[in-house]
There are 2 protein chains.
Amino acid sequence: MARAGLAADVVVREAARVIDERGVNGLSLAVLADNLGVRIPSLYKHVDGMPALRRGVMLAAKKDLAEELASAAVGRSRDEAIGAIAHAYRQWALEHPGQYPMTMHAPAPGDDDDTAVSSALLEVIFRVLAGYGLEGDDAIDATRFLRASLHGFVALETGGGFAMPVDLDRSYQRLVTSIVTALNTWAE
Amino acid sequence: MARAGLAADVVVREAARVIDERGVNGLSLAVLADNLGVRIPSLYKHVDGMPALRRGVMLAAKKDLAEELASAAVGRSRDEAIGAIAHAYRQWALEHPGQYPMTMHAPAPGDDDDTAVSSALLEVIFRVLAGYGLEGDDAIDATRFLRASLHGFVALETGGGFAMPVDLDRSYQRLVTSIVTALNTWAE
DNA sequence: CCATGTGGCTAAGTTAGTTAGCCAAATGGC
DNA sequence: GCCATTTGGCTAACTAACTTAGCCACATGG
């Protein structure tokens, strides 16, 4: 039989595609195998079962999102940086609506790969907020505020929480403005 | 055989309990039947299968949350009302971490029950924001801002998005303060 | 006191993930 | 070039979960 020439990363990539198309629960080994032109058990030669496959997609997603945010923040600071990463953040989520929720879980203790890539994601935010000179508790609160606001909007948008999809761009812009205002007056 | 004396609402309530305990995907007919002292197929006499069961839990959850928020806002307005519903919102989510995500999806078009209960939920927010005299686009943006901020924080907290669970109360209070500030200067 | 509807049950089917074990295609040393 | 080994497919079979069919006993009400 002619070989399909699969490799672990090809399987993970296709799984990510399927997840974006049909949601996390829409991923099944059946469609995955079908899309890759292979029978179901063959997938086990490349991937260690469904949970491991999902974990692989999650790791790649966090990595990709972190890179996207870092790249958006390059050469910018403060309000400009916030605007840039906010835009990149929403953009990435809209392009990867299925993967997005997977990026929002803290790593399990002891999972070093996940810890590393999750730290990279947080690091981007920390470094942007560093520009506002926030320290200690203020820095923690502000980080949580920023993450919560961005995540809340994007989660509702991609998860179908907003019934009317009108003017979402404007509403998001308005949200970002409020965030920036809050950060500039945080220590008061 | 002695009857267990089940009823649809008992099954739904127990399902909600299980969901809060083990997450949405932790609900199985096996544990449900076991908890209720009954064999699996007997559940079908009260509930129309797994998807319908989840929908039942979702409807009850939205209803419960809406009532909780409405009750928190009674007799209060503006900043005080925001503070009260923000507190009630987080409280409810922490008490029902499994059900909470189920309350965040817009109703499917044509699902009248869901539409009704979802509207009730939004109505509470609208009426509180009405106190700020926001109209038209401002009202829409502010509603989305409020929902996004509260949801983002609570979703990250209950979904394990915040790695360090220290001082979350303070961070949330700080978030609410920022929301209130933003709402008071919204039209500027 | 029996006629009827209801709420349990067992048995069996379906779908999805998984494991075992086989076999052909690639690959690499000689 | 040839054979040994590894690799990547495969079929078959198992398990867990939801679901359906169909049976039977208990409760209820004329």
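Per chain, numbering begins at 1; letters A, B, ... match sequence-line order. Hydrogens, waters and symmetry mates play no part in the numbers below; they use all other heavy atoms, side chains included. All of these numbers come straight from a predicted model, not from anything done at the bench.
- The distance from atom NZ of B:K45 to atom C1' of D:dC26 is 13 Å, rounded to the nearest whole Å.
- Using a 4.0 Å cut-off, some side-chain N or O of B:S42 falls inside it from OP1 or OP2 of C:dC9.
- Within the 4.0 Å cut-off from OP1 or OP2 of C:dT6, not a single side-chain nitrogen or oxygen of B:H46 is found.
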Along nucleotides 13-21 of chain D, 5' to 3', which nucleotides get a B, which get an S, and which get a -, given that the test is a protein heavy-atom distance under 4.0 Å?
-----SBB-
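- In this entry the distance linking CZ of A:R39 with P of C:dA16 reads 15 Å, nearest Å.
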Would you give me the side-chain donor-acceptor pairs under 3.5 Å for residues 113-120 of chain A, sequence neighbours excluded?
| unit_1 | atom_1 | unit_2 | atom_2 | d |
| --- | --- | --- | --- | --- |
| A:D114 | OD1 | A:K62 | NZ | 2.7 |
| A:D114 | OD1 | A:S118 | OG | 2.9 |
| A:T115 | OG1 | A:D111 | O | 2.8 |
| A:S118 | OG | A:K62 | NZ | 2.9 |
| A:S118 | OG | A:D114 | O | 2.8 |
| A:S119 | OG | A:T115 | O | 2.7 |

Counting only pairs under 3.5 Å, give me each side-chain donor-acceptor contact of residues 155-170 of chain A, with atom names and distances, residues two or more places apart or in other chains.
| unit_1 | atom_1 | unit_2 | atom_2 | d |
| --- | --- | --- | --- | --- |
| A:E157 | OE1 | A:R90 | NE | 2.8 |
| A:E157 | OE2 | A:R90 | NH2 | 3.0 |
| A:T158 | OG1 | A:V154 | O | 2.9 |
| A:D167 | OD2 | A:R170 | NH2 | 3.3 |
| A:D169 | OD1 | A:R90 | NH1 | 3.1 |
| A:D169 | OD1 | A:R90 | NH2 | 3.0 |
| A:R170 | NH1 | B:D141 | OD1 | 3.2 |
| A:R170 | NH1 | B:D141 | OD2 | 2.5 |

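- Under a 4.5 Å side-chain heavy-atom cut-off, the cluster of Ile, Leu, Val, Met, Phe, Trp and Tyr residues that includes A:F126 is completed by A:L122.
- For B:E95, there are no salt bridge (charged side-chain N to carboxylate O under 4.0 Å, His left out) partners at least two apart in sequence or on another chain.
- In the hydrophobic clustering of ILVMFWY residues, with side-chain heavy atoms under 4.5 Å counting as a link, A:V11 and A:M58 come out together.
- Across the protein-nucleic acid pair, A:L43 atom CG and D:dG8 atom P stand 13 Å apart, rounded to whole Å.
- Residue A:R22 contributes atom CZ, which lies 14 Å from atom C1' of C:dA16 at whole-angstrom precision.
- With sequence neighbours excluded, the residues satisfying side chain to side chain contact (heavy atoms under 4.5 Å, CB included) with A:E21 are A:R17.
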